[in-house]
Chemist: 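Below: one structure in structure tokens.
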Amino acid sequence: MKILVTVKRVVDYNVKVRVKDDNSGVETANVKMSMNPFCEIAVEEAVRLKEKGVATEIVVASIGPAQAQETLRTALALGADRAVLVKTEENVEPLGVAKILKEVVTKESPDMVIMGKQSIDGDNNQSGQMLAALMDWPQGTFASEVNVADGKIAVTREIDGGLETVGLTLPAVVTTDLRLNEPRFASLPNIMKAKRKPLEEMSPEDLGVDIAPRTQTLKVEAPAQRTAGIKVETVAELVEKLKNEAKVI
Amino acid sequence: MAILVIAEHNNEALGASTLATLAAAQKIGADVHVLVAGSGSQSVADAAAACEGVVKVLHADNADLEHATAESLASIVKANAEGYTHILAPASTYGKNFMPRIGALLDVQPISDIVSVEDENTFKRPIYAGNAIATVQSNDPVKVITVRGTAFDAVAATGGSAEIASVDASGNISEKSKFESQELTKSERPELTAAKVIISGGRGMGSGENFQMIEEIADKLGAAVGASRAAVDAGFVPNDYQVGQTGKIVAPELYIAVGISGAIQHLAGMKDSKVIVAINKDEEAPIFQIADYGLVADLFKVLPELKEAL
Ligand SMILES: Cc1cc2nc3c(=O)[nH]c(=O)nc-3n(C[C@H](O)[C@H](O)[C@H](O)COP(=O)(O)OP(=O)(O)OC[C@H]3O[C@@H](n4cnc5c(N)ncnc54)[C@H](O)[C@@H]3O)c2cc1C
Ligand SMILES: Cc1cc2nc3c(=O)[nH]c(=O)nc-3n(C[C@H](O)[C@H](O)[C@H](O)COP(=O)(O)OP(=O)(O)OC[C@H]3O[C@@H](n4cnc5c(N)ncnc54)[C@H](O)[C@@H]3O)c2cc1C
């Protein structure tokens with residue numbers, strides 16, 4: 001089985017982002033960038049399926065600027081076989097991402113696409129579901145377990161009330177949640193080897209996809225700030241404050 | 001201009017998240033319709049028809065919709081989308097699952113997790129774990145929107161008397177995706193996203209057994225129990241307890257964080273709570289920077305005291 005994994009380059013999760021003074025967006029100059037954590041989980045899942053003998057080839061794709069190559073090399077070092085970069089300097093919306101990926105999927109014909117459930121910058125939680133709809137494929141979102149058997153997959157999903165399992169025909173799209181696996185770190189030899197793995201570049205135009213945005217970000221502001229309150233010394237003092245000052249219990 | 005709200009429900013009752021979504025819909029415009037897709041779900045359709053401001057309920061009832069899949073829901077909505085300028089659903093795991101599919105089917109860029117309605121085309125939504133709020137304008141002819149429940153006051157569940165029209169969904173059931181099973185967390189306590197008081201535990205709790213201390217306090221306060229990602233990952237509590245950027249978003253009157261350091265991803269889920277209490281033995285823990293009342297102490301000492309004091 002062939003698996004396509006998507007990876008996005010985002011501001012590292014440890015960075016506390018700052019809104020730009022002109023409210024046009026957030027400061028990304030000189031900020032540490034990394035692979036979106038949910039995409040790391042997607043890569044790991046594909047690699048585990050390959051180690052189990054279920055997957056035979058892992059292709060990893062990213063849409064973004066030239067620096068997204070680094071993100072792809074990281075995925076190659078973790079065990080993907082080859083990479084596709086759809087190079088653009090534009091901010092591609094999830095609809096555009098899904099349309100580009102549809103073309104990549106049509107070229108590559110994978111049996112399964114594994115994506116992150118959400119990227120930690122845009123926080124949209126859309127791209128995987130949209131790709132699935134454009135392909136008319138089933139989807140298993142927010143996955144905490146994936147089992148492949150007899151040309152089908154069972155995906156256990158993290159939902160608000162607990163867990164749900166759906167059975168999907170293949171091909172299908174899976175999006176990862178936090179508990180699917182714990183991603184490994186790339187070893188030095190694998191990082192060296194990854195430099196020689198194939199990385200193909202193309203543009204959205206090469207794929208014939210229109211990525212003109214449908215939405216406009218008018219402004220980006222800092223949220224209302226909370227300030228630190230007071231320290232209480234004892235439980236009795238805490239309970240007294242909650243009862244008489246805050247009046248919440 | 002008509003607006004369609006997709007109801008979240010369990011085939012018996014309408015979810016509270018739907019009432020908040022209706023409030024957002026009414027901020028956009030007047031003619032609000034509700035789609036109820038389920039099985040044996042007449043009581044839900046009736047409840048939707050009784051909501052303040054709802055003028056019509058579309059009711060798709062079909063045995064295959066008992067646990068409706070995203071594939072089937074998106075197909076039903078697409079088949080009934082004609083005439084609607086806005087399609088809304090709660091930004092819960094329910095809404096987030098199928099709404100992007102609808103966007104793709106209608107060739108529309110959805111807008112996720114709105115926290116305010118500026119006008120019929122313009123909405124605010126948090127990005128970067130709530131560290132920035134974007135004002136986004138949509139140029140699509142139809143807006144596909146998910147709504148953050150904590151940002152809107154629920155409409156009244158009574159006072160309406162909408163017409164109920166039944167919709168045939170038999171041609172919209174997906175064969176490619178089938179519900180197999182579910183494992184829901186059973187609890188007598190209020191739901192996290194609706195609770196007035198929440199007490200959450202983090203890695204500092206040390207074990208699942210120790211969460212007993214949190215639960216006893218929750219019972220005294222009529223509170224819901226939440227957790228940090230670290231506590232869920234460690235297996236102390238089930239996944240649906242997770243509060244945060246990638247878990248549940250909550251905004252209770254009182255949020256008590258015990259043994260939680262206050263990572264931005266956790267804060268993203270609870271910093272809109274009215275009053276925040278932090279109990280942590282490390283006085284440098286970032287949670288204290290946003291807490292109204294901080295208690296620097298060992299949780300194993302103070303939780304039993306707190307239980308006694310309530
Ligand atoms: C401040 C700010 C301003 C913005 N302004 C604009 C604007 O003016 N116009 C505009 O069009 N967009 C704008 N955006 C949108 C931005 O480009 C988002 O990143 C984009 O909408 C994609 O959404 P997402 O990454 O949240 O998708 P999600 O649906 O959350 O992503 C889910 C998964 O899809 C996959 N995926 C998503 N994107 C990619 C990718 N590029 N390559 C590979 N895999 C991917 C990954 O596996 C990811 O885990 C803005 C965003 C921000 C934060
Ligand atoms: C992509 C991504 C998504 C994420 N999403 C979420 C999310 O949705 N929600 C979330 O919560 N996290 C999320 N995280 C994880 C987040 O970054 C933190 O790792 C997590 O919140 C830490 O949990 P914690 O505070 O319980 O643990 P820690 O950071 O380990 O803190 C434990 C705290 O307990 C205190 N403590 C220990 N023992 C005691 C004691 N005896 N008495 C009193 N205090 C004690 C310590 O001083 C410490 O401050 C996400 C991370 C990533 C990368």
Side-chain angles (χ1 to χ4, degrees), chain A residues 11 13 16-17 19 26 93-95 98 118 120-126 129-130 132-134 137-139 141-142 144 154 158-169 178-179 213-223 226 228-232 235-236 238-239 241-242 246 248-249, chain B residues 69-71 74 92-93 96-97 100-101 103-105 109-112 126-140 174 176-185 221 229 233 238-240 246 253-254 264 271 275 277 288-296 302 305-306 309-310:
Chain A
V11 172
Y13 81 97
K16 182 149 172 34
V17 301
V19 171
V26 303
E93 295 174 336
L95 181 63
Q118 136 184 17
I120 59 165
D121 52 358
D123 278 337
N124 278 301
N125 196 330
Q126 297 174 351
Q129 296 89 313
M130 296 183 86
L134 294 180
W137 286 4
Q139 67 187 44
T141 54
F142 328 145
S144 66
E158 294 202 357
I159 58 170
D160 288 340
L163 296 169
E164 175 190 88
T165 304
V166 288
L168 312 176
T169 57
L178 294 168
R179 258 73 57 180
R214 306 298 186 80
T215 66
Q216 230 179 314
T217 302
L218 303 182
K219 66 176 173 210
V220 175
E221 298 159 289
R226 270 193 103 97
I230 58 161
K231 292 258 166 59
V232 292
V235 166
L238 175 65
V239 171
K241 295 272 188 220
L242 291 178
V248 285
I249 58 171
Chain B
T69 61
E71 293 79 355
S92 54
T93 54
K96 286 175 182 165
N97 194 27
R101 262 191 107 96
L105 295 177
Q109 172 53 47
I111 304 190
S112 292
I127 53 177
Y128 287 97
N131 283 311
I133 309 289
T135 305
V136 182
Q137 188 175 54
S138 164
N139 304 320
D140 280 316
S174 169
K176 294 178 178 171
S177 167
K178 294 249 184 284
F179 168 85
E180 285 186 356
S181 62
Q182 65 185 13
E183 223 179 285
L184 300 186
T185 304
L221 291 170
R229 173 191 173 180
D233 282 4
N239 62 280
D240 49 294
T246 61
E253 297 280 302
L254 173 61
I264 45 178
K271 72 178 157 55
V275 175
V277 171
F288 288 122
Q289 290 163 20
I290 60 143
D292 299 285
Y293 301 107
L295 179 57
V296 181
V302 296
E305 286 177 27
L306 183 58
L310 290 170

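Predicted model, so just to flag it, every value in this text is computed and none were measured. Every chain is numbered from 1 and lettered A, B, ... according to where its sequence line falls, protein lines coming before strand lines.
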Chemist: Heavy atoms only: give me the nearest Val232(A)-Leu295(B) pair and the separation to one decimal.
Modeler: O-CD1, 3.3 Å

Chemist: Using a cut-off of under 4.5 Å for heavy-atom pairs, which of Lys176(B), Gln289(B), Lys96(B), Glu253(B) has the most such pairs with chain A?
Modeler: Lys176(B)

Chemist: Of the options Gln129(A), Gln139(A), Gln126(A), which is the one that meets Arg101(B) in a side chain to side chain donor-acceptor pair (under 3.5 Å)?
Modeler: Gln139(A)

Chemist: Given a strict heavy-atom distance threshold of 4.5 Å, which part of Pro238(B) is in contact with chain A: side chain, backbone, both, or neither?
Modeler: neither

Chemist: Who pairs with Asn239(B) by side-chain hydrogen bond (donor to acceptor under 3.5 Å, both in side chains), at least two apart in sequence or on another chain?
Modeler: none

Chemist: In terms of heavy-atom pairs under 4.5 Å with chain B, which of Ile230(A), Val239(A), Asp160(A) leads?
Modeler: Asp160(A)

Chemist: When heavy-atom pairs shorter than 4.5 Å are enumerated against chain A, which of Asn97(B), Asn131(B), Thr69(B) gives the highest number?
Modeler: Asn97(B)

Chemist: Do you know which of Ser181(B), Ala309(B), Ser138(B) has the most heavy-atom pairs under 4.5 Å to chain A?
Modeler: Ser181(B)

Chemist: In terms of heavy-atom proximity below 4.5 Å to chain A, should Ile264(B) be classed as side chain, backbone, both, or neither?
Modeler: side chain

Chemist: Which answer fits Ile290(B), side chain, backbone, both or neither, if we ask what part of it has an atom under 4.5 Å from a heavy atom of chain A?
Modeler: both

Chemist: Quick one: of Pro126(B), Ala70(B), Ala291(B), who has the most non-hydrogen atom pairs under 4.5 Å with chain A?
Modeler: Ala291(B)

Chemist: What part of Glu71(B) gets closer than 4.5 Å to chain A, counting heavy atoms only: side chain, backbone, both or neither?
Modeler: side chain

Chemist: In terms of heavy-atom contacts, does CZ of Phe179(B) have more than 12 from other residues, nucleotides or ligands at under 6.0 Å?
Modeler: yes

Chemist: Under the rule for side chain to side chain contact (heavy atoms under 4.5 Å, CB included), what residues qualify as partners of Glu221(A), not counting sequence neighbours?
Modeler: Asn23(A), Lys219(A), Lys124(B), Thr135(B)

Chemist: Using a cut-off of under 4.5 Å for heavy-atom pairs, which of Pro110(B), Gly130(B), Ser174(B) has the most such pairs with chain A?
Modeler: Pro110(B)

Chemist: Any idea which of Ile249(A), Ile159(A), Val19(A) has the most non-hydrogen atom pairs under 4.5 angstrom with chain B?
Modeler: Ile159(A)

Chemist: Could you report the tightest heavy-atom contact between Val220(A) and Thr217(A), atom names first, then the distance?
Modeler: CG2-CG2, 3.6 Å

Chemist: Which bit of Ala132(A) comes within less than 4.5 Å of chain B, counting heavy atoms only: side chain, backbone, both or neither?
Modeler: both

Chemist: Please report the shortest heavy-atom distance between Met130(A) and Pro100(B), naming the atom on each side.
Modeler: CG-O, 3.2 Å

Chemist: Highest number of heavy-atom pairs under 4.5 Å with chain B: which of Leu134(A), Leu242(A), Leu178(A), Leu168(A)?
Modeler: Leu178(A)

Chemist: So, does Asp140(B) use its side chain to make a donor-acceptor pair with the main chain of Gln109(B) at under 3.5 Å?
Modeler: yes

Chemist: Below 4.5 Å from any heavy atom of chain A, which atoms of Thr246(B) appear? Answer side chain, backbone, both or neither.
Modeler: both

Chemist: Could you look at Ala74(B) and say if it's the side chain, the backbone, both or neither that has a heavy atom under 4.5 Å from chain A?
Modeler: neither

Chemist: Can a donor-acceptor pair be found, under 3.5 Å and without considering hydrogens, that links the side chain of Asn125(A) to the backbone of Gln118(A)?
Modeler: no

Chemist: Picking from Ala228(A), Ala98(A), Ser144(A), which has the most non-hydrogen pairs under 4.5 angstrom with chain B?
Modeler: Ala228(A)

Chemist: Give me the atom names and distance for the closest heavy-atom approach of Leu95(A) to Ala104(B).
Modeler: CD1-CA, 4.4 Å

Chemist: Evaluate whether atom CD of Glu183(B) has more than 12 neighbouring non-hydrogen atoms of other residues, nucleotides or ligands under 6.0 angstrom away.
Modeler: no

Chemist: Quick one: which of Leu310(B), Val296(B), Leu254(B) has the most heavy-atom pairs under 4.5 Å with chain A, could you say?
Modeler: Leu254(B)

Chemist: For chain B, which candidate among Thr141(A), Val235(A), Val11(A) shows the most heavy-atom pairs at distances under 4.5 Å?
Modeler: Val235(A)

Chemist: Within this structure, what is the OG1-CG distance for the pair Thr185(B) and Leu163(A), rounded to the nearest 0.5 Å?
Modeler: 7.0 Å

Chemist: So which of Lys241(A), Lys231(A), Arg226(A) has the biggest tally of heavy-atom pairs under 4.5 Å with chain B?
Modeler: Arg226(A)

